[in-house]
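The next block holds one structure in the form of structure tokens; read it before the comments.
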Amino acid sequence: YQRRVHGGEPKHGECVPTDLAGPLCFAGDVVVRGAALPALQVDDVVAIADAGGNVLSIRTQHCSRQSPPVFAFSSQDGIFSFEKVQAIQPIADTLQRWQ
């Protein structure tokens, strides 16, 4: 099942091949290659259901990576809402390990 939303409404526009990948920088981090999506812009949100556990469970501080923010989303009557359940790790906390 796939539904594309933008600001609570489906995003429209010409679809372009789009690769979606996460922040771990290894081959298993690629969710999809060449998905036909409307062109994404800065601040667009792409929600992928039932994903992200690997980022939290195998995340390391290699290259001073911060712990990512975590969002939960739900849908009622076709309206999507997002709730931040964990903030991004502050950069000062990330860099403290080098002190």
Side-chain angles (χ1 to χ4, degrees):
Y1 176 73
Q2 190 178 98
R3 178 178 168 107
R4 298 177 190 112
V5 296
H6 183 264
E9 297 295 324
K11 185 169 185 179
H12 300 286
E14 182 179 344
C15 289
V16 297
T18 305
D19 296 341
L20 297 176
L24 298 180
C25 301
F26 75 103
D29 205 23
V30 176
V31 177
V32 65
R33 292 187 193 277
L37 297 173
L40 298 175
Q41 305 298 319
V42 172
D43 294 328
D44 279 356
V45 174
V46 176
I48 302 167
D50 303 323
N54 281 347
V55 172
L56 295 175
S57 66
I58 65 172
R59 184 192 75 75
T60 70
Q61 292 184 338
H62 175 74
C63 295
S64 297
R65 287 190 180 102
Q66 294 166 269
S67 180
V70 177
F71 294 87
F73 75 96
S74 61
S75 173
Q76 184 173 3
D77 299 324
I79 303 297
F80 284 79
S81 62
F82 292 83
E83 177 184 356
K84 186 185 290 185
V85 295
Q86 175 181 300
I88 191 169
Q89 181 181 16
I91 191 69
D93 291 357
T94 305
L95 296 177
Q96 185 171 344
R97 71 174 286 201
W98 300 109
Q99 295 179 3

| query | Quick one: do V32 and L40 end up in the same hydrophobic cluster if we chain Ile, Leu, Val, Met, Phe, Trp and Tyr together by side-chain heavy atoms under 4.5 Å apart? | reply | yes
| task | Mind listing the closest non-hydrogen atom pair of R33 and V30 along with its distance? | result | NH2-CG2, 3.4 Å
| said: Looking at every non-hydrogen atom in both residues, tell me the closest pair between V85 and A72 and how far apart they are. | reply: CG1-CB, 4.2 Å
| message | Looking at every non-hydrogen atom in both residues, tell me the closest pair between P38 and C15 and how far apart they are. | response | N-SG, 3.9 Å
| task | Tell me, please, which residues at least two apart from E14 pass side chain to side chain contact (heavy atoms under 4.5 Å, CB included). | result | none
| query | Hydrophobic cluster mates of L95, side-chain heavy atoms under 4.5 angstrom, ILVMFWY only, any path? | reply | I91, W98
| request: Flag yes if V31 and L37 sit in one hydrophobic cluster, no otherwise; membership is Ile, Leu, Val, Met, Phe, Trp, Tyr, and two members link when side-chain heavy atoms are under 4.5 Å apart. | output: yes
| Does any N or O in the side chain of Q66 come within less than 3.5 Å of the main-chain N or O of Q89, such that one atom is a donor and the other an acceptor? | yes
